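What follows is one structure encoded as structure tokens, with my remarks underneath.
When a ligand or atom number is given, it counts from 1 through the structure's own listing order. The shown structure was predicted, so the numbers you read here are calculated from the model rather than taken from an experiment.
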Amino acid sequence: MMPRLIPEQGEVMEMLRRTGAFREGHFVYPSGQHTPHYFQMPLAFRYYDTARVLAVALSRKLRLLKEVSSALPKVSIISPSPGGIPVAFAVREALNAEQIYWAEREEGKRRFRQYVNSGEVHPSVIVDDLSRTGTALQETAGLVRQLGAQVIGCGVIVRFSSSPQQLEAPGGGDPVPVLSLVDFDAKWYDNGADCAECKQGAPEENVRF
Ligand SMILES: [Zn+2]
């Protein structure tokens, strides 16, 4: 079978399931929340071939944005955290973009490393493996703008439906759409009392993050 240029959501989910990145069961977060599914995205990105297929698919969606295609190759690919670095490198390769940056959390605050300077950051595309709430993407967009660079695109492999479909631009600029390969309707319970898996007596797995 010829691979499609941009795989459908079902095919991407099958890839995530096969690699162990998408897991079904009964999971409990440190917050006490319960959920019947869990994403551990590095398990998909540990296989070079899978990483490449996912990144190429995402890059094809990003290329359809005129702002992105017309700025290449002078584009920065930006990850909100070290966890998104494999996605950033793979998307960079697929787009042939010039720069990669990633933010980190230090003392509870997201920031770029020291000496990442204003004026050196190209128009930016923010990428990540998974967006649960959109906070990381929005904070990163703010950091990019603080450095005087424009956010021209944003893409994630999996976007929870609780995460916004666009990044707001401060000061009245056009919002930037958050592109994704999968839109996932995540199921959450605030605690065990309402959890369907608890009611069935399914064994719990504690997840760290
Ligand atoms: Zn439960």
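Classification of the Phe22-Phe184 ring pair by plane angle, with boundaries at 30° and 60°, yields perpendicular.
Note that the CZ atom of Arg46 and the OG1 atom of Thr19 stand 6.5 Å from one another [nearest 0.5 Å].
Judged by distance alone, the side chains of Ser131 and Asp128 never bring a donor and an acceptor atom under 3.5 Å apart.
In this structure a side-chain-to-backbone donor-acceptor pair under 3.5 Å is present from Arg23 to Gly20.
For a distance threshold of 2.8 Å, the protein N, O or S atoms nearer than that to the Zn ion (ligand 1), listed by chain and number, are His26 NE2, His34 ND1, Cys195 SG, Cys198 SG.
Checked against the 6.0 Å centroid criterion, the rings of Phe45 and Phe89 do not qualify as a close aromatic pair. You'll find the ring centres of Phe27 and Trp188 outside the 6.0 Å limit.
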